[in-house]
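Structure record follows, encoded as structure tokens.
Keep in mind it's a predicted model, so treat the numbers as computed, not measured.
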Amino acid sequence: MSNPRAGWSQSDRALAAGKLMLAWVALLWLLEVVDVATGHALDGFGVSPRDPSELVDVVPSSFIHFGFAHLAANTVPLLVLGFLAALAGLRRFLLVCALIIVVDGLGVWLIAPDGTNTAGASGVIFGLFGFLLVSGFVERRPWGVLAGVLIAAVWGGSILAGLAPTQTGVSWQGHLLGLLAGVAAAFVFRRDPAAPPALTR
């Protein structure tokens, strides 16, 4: 009989992380279906800068997209990066995402250009990229460092392109703020490095 206090196995963590991210993405697609069916009534939950009434949209804006193409572009990176980040623990993952969403949304509200409406999961994606990129170094975990290097190799070009201010219709401010929030989250929610084995004789 297994000991319930022994903790989850790696396969348990992977299964839970996969279920969470599939549910998250399914929710985003369901919301976009509702948005289209209602004549894009949900688009108003995006963030328009420096309007006090828009502060209530800071969190919802991360779950709303401007069309299926916008959502499709975010689906795979959110699934992959979210799954990898959630492997280390769901509670910490949710705290990391909450920090990214709030900081990114408030930052967009403060510095986005006038007359814009910003929404989408890309801020979370950039934040998870930043979190995964540096958390291994912050926690001095070799596997985390290796994961960060591999993630940079696969996604780094896309991330750099998303930070370019010359793109029209793209919130580079939201991308940059999400990235910085993810890096900050790696420090705020860092785990202590594994203690070295005791010396005995």
Side-chain angles (χ1 to χ4, degrees), residues 20-21 23-82 85-86 93-133 155-189:
L20 174 61
M21 293 315 303
W24 188 334
V25 169
L27 173 62
L28 298 185
W29 280 88
L30 176 61
L31 289 173
E32 188 55 31
V33 169
V34 172
D35 185 45
V36 171
T38 57
H40 300 286
L42 300 185
D43 288 356
F45 286 98
V47 173
S48 296
R50 293 170 295 281
D51 179 351
S53 67
E54 289 289 306
L55 287 172
V56 297
D57 294 332
V58 162
V59 172
S61 63
S62 293
F63 298 86
I64 303 302
H65 290 80
F66 300 135
F68 287 111
H70 183 202
L71 175 54
N74 284 339
T75 294
V76 172
L78 180 61
L79 270 175
V80 175
L81 297 178
F93 170 72
L94 293 174
L95 289 172
V96 166
C97 289
L99 177 63
I100 293 170
I101 288 171
V102 171
V103 171
D104 185 53
L106 287 174
V108 166
W109 184 84
L110 282 171
I111 71 171
D114 289 332
T116 58
N117 183 23
T118 302
S122 56
V124 177
I125 292 167
F126 277 69
L128 291 174
F129 175 87
F131 173 77
L132 290 167
L133 185 66
W155 301 101
S158 298
I159 294 297
L160 288 175
L163 296 175
T166 56
Q167 298 184 80
T168 58
V170 175
S171 175
W172 65 268
Q173 297 94 341
H175 293 172
L176 177 60
L177 290 163
L179 180 66
L180 295 176
V183 171
F187 287 90
V188 173
F189 299 112

Out of curiosity, Met21 CE to Leu81 CG, how far, rounded to the nearest 0.5 Å?
8.5 Å

Which donor-acceptor pairs under 3.5 Å do side chains of residues 109-116 form with protein atoms, sequence neighbours excluded?
| from | atom 1 | to | atom 2 | distance (Å) |
| --- | --- | --- | --- | --- |
| Trp109 | NE1 | Asp51 | O | 2.8 |
| Asp114 | OD1 | Arg50 | NH2 | 2.5 |
| Thr116 | OG1 | Pro113 | O | 2.6 |

Run the numbers on Trp24 and Leu79 for side chain to side chain contact (heavy atoms under 4.5 Å, CB included), then give the verdict.
CA-CA 9 Å; Trp24 188 334; Leu79 270 175; over 6 Å; no

Taking atom CG of Leu163 and atom CD of Gln173, what is their separation to the nearest 0.5 Å?
11.0 Å

With sequence neighbours excluded, residues passing side chain to side chain donor-acceptor pair (under 3.5 Å) with Thr166:
none

Can you sort out the partners of Phe187 under ring pair (Phe, Tyr, Trp, His ring centres under 6.0 Å), two or more places apart, ordered by chain and number?
none

Smallest separation among heavy atoms of Gly174 and Val108, with atom names:
CA-CG2, 3.6 Å

For Trp172 and Ala164 the tightest heavy-atom approach is CB-O, 3.8 Å

Residues two or more places apart in sequence or in another chain: which of them pass side chain to side chain donor-acceptor pair (under 3.5 Å) with Asn74?
His65

Hey, mind stepping through Ile64 and Asp57 against side chain to side chain contact (heavy atoms under 4.5 Å, CB included) and telling me if it holds?
CA-CA 10 Å; Ile64 303 302; Asp57 294 332; over 6 Å; no

Compare all side-chain heavy atoms of Leu28 with those of Leu78 and state whether any distance is below 4.5 angstrom.
yes

Quick check for you: to the nearest 0.5 Å, what is the distance between Leu177 atom CG and Ile100 atom CD1?
12.0 Å

Validation: residues 121-128 side-chain donor-acceptor distances under 3.5 Å, sequence neighbours left out:
| from | atom 1 | to | atom 2 | distance (Å) |
| --- | --- | --- | --- | --- |
| Ser122 | OG | His175 | NE2 | 3.1 |

Looking at every non-hydrogen atom in both residues, tell me the closest pair between Ala185 and Val96 and how far apart they are.
CB-CG1, 3.9 Å

From Leu71 CG over to Leu31 CG, what is the distance, rounded to the nearest 0.5 angstrom?
9.5 Å

Separation of Leu106 CG from Leu55 CG (nearest 0.5 Å)
7.0 Å

In Å and rounded to the nearest 0.5 Å, what is the CZ to CZ distance from Phe45 to Phe63?
13.0 Å

With sequence neighbours left out, what residues match Asp43 under side chain to side chain donor-acceptor pair (under 3.5 Å)?
none

